[in-house]
Amino acid sequence: GSEAAGEQGQEEEAEDRLKEHMDNLLDKSAKTRQAALQSLRLAFSSKTLSEFLLERRLMLTDSLEKCLKKGKGEEQALAGTVLTLLCLQMGSGPEGEEVFRSLKPLLISVLTDSTASPGARQSCATALGMCCYIAAADLE
């Protein structure tokens, strides 16, 4: 009994940290946003969180969109990586497709922007390819 309660407590604590990182994506400080993106990247790549993310995908998609639009270099690169991982977490169903469809034009925009950093462009190219492979319903 106490082991299960301990596990549940740890899970709630982890979810609270994730919520905090998601909130930090909207911070004015680029350093805070980058730290949040790095933490989300670690969390998304180490644990299946699809249930938790399902109800938060729209807020997260909006936050990643802001990071891609307003951020520079490293922040854009991290946002592309987190987007790829979010797409992987959402899978090939309608939720993954929705995330991909909403951010596809922005990924293409950063990818084709010759003033964007090479790291940001590379990350957006990877995100575009992976998300397209995972979640694009339209075969073209």
>> On a heavy-atom basis, which atom in L68 and which in C124 lie closest, and how many Å separate them?
In response: CD2-SG, 3.8 Å
> Would you call K47 and F52 a side-chain contact if the rule is heavy atoms closer than 4.5 Å?
Replying inline: no
>> In the structure I gave you, are the side-chain heavy atoms of M90 and L54 within less than 4.5 Å of one another anywhere?
In response: yes
>> Other residues, nucleotides and ligands only: do more than 12 of their heavy atoms fall within 6.0 Å of CE on M130?
In response: no
>> Looking at R33 and E75, would you say the former's side chain and the latter's main chain have a donor-acceptor pair under 3.5 Å?
In response: no
>> Between L25 and T32, does the side-chain contact (heavy atoms from CB on, under 4.5 Å) criterion hold? Intermediate values first, please.
In response: CA-CA 7 Å; L25 290 178; T32 302; over 6 Å; no
> How long is the gap from CD1 on I134 to CD on E97, to the nearest 0.5 Å?
Replying inline: 13.0 Å
>> Do L86 and L42 sit in one hydrophobic cluster, given that two such residues count as connected whenever their side-chain heavy atoms are within less than 4.5 Å of each other, even indirectly?
In response: no
>> With heavy-atom distances below 4.5 Å as the criterion, would you say the side chains of L106 and L64 are in contact?
In response: no
> How many angstroms lie between atom CD of Q89 and atom CD of E95, to the nearest 0.5 angstrom?
Replying inline: 13.0 Å
>> Between V99 and L58, is the side-chain contact (heavy atoms from CB on, under 4.5 Å) condition met? List the steps.
In response: CA-CA 8 Å; V99 168; L58 297 177; over 6 Å; no
>> Show, in sequence, the C-alpha distance, side-chain angles and deciding distance for L40 and L78, and conclude whether the side-chain contact (heavy atoms from CB on, under 4.5 Å) test is met.
In response: CA-CA 10 Å; L40 289 173; L78 283 165; over 6 Å; no
> Taking it one step at a time, do L18 and L53 satisfy side-chain contact (heavy atoms from CB on, under 4.5 Å)?
Replying inline: CA-CA 10 Å; L18 282 173; L53 293 171; 6.0 Å; no
>> With side chain to side chain donor-acceptor pair (under 3.5 Å) as the rule and sequence neighbours excluded, what pairs involving residues 108-122 come up?
In response: D113-T115, Q122-T126
>> So, using salt bridge (Lys or Arg N to Asp or Glu O under 4.0 Å) as the criterion, who are the partners of E51 when residues are at least two apart?
In response: none
>> So which atom in A77 and which in S123 form the shortest heavy-atom distance, rounded to 0.1 Å?
In response: O-OG, 2.5 Å
> Please, which pairs that meet side chain to side chain donor-acceptor pair (under 3.5 Å) have at least one residue in residues 55-73, sequence neighbours excluded?
Replying inline: R57-E98, E65-K69
> Are side-chain heavy atoms of F100 and L128 found at a separation under 4.5 Å?
Replying inline: yes
>> Please give me the minimum heavy-atom distance between C87 and A135, naming the atom from each residue.
In response: SG-CB, 4.0 Å
>> Does E13 form a salt bridge (Lys or Arg N to Asp or Glu O under 4.0 Å) with R17? I'd like the steps, not just the answer.
In response: CA-CA 6 Å; E13 207 173 284; R17 278 196 307 273; 3.5 Å; yes
> Do you know the tightest heavy-atom contact between A36 and H21?
Replying inline: CB-O, 3.3 Å
>> Measuring only between side-chain heavy atoms, which start at C-beta, is T81 closer than 4.5 Å to L37?
In response: no
> Which heavy-atom pair separates R41 from L85 by the least distance, and what is that distance?
Replying inline: O-CD1, 3.5 Å
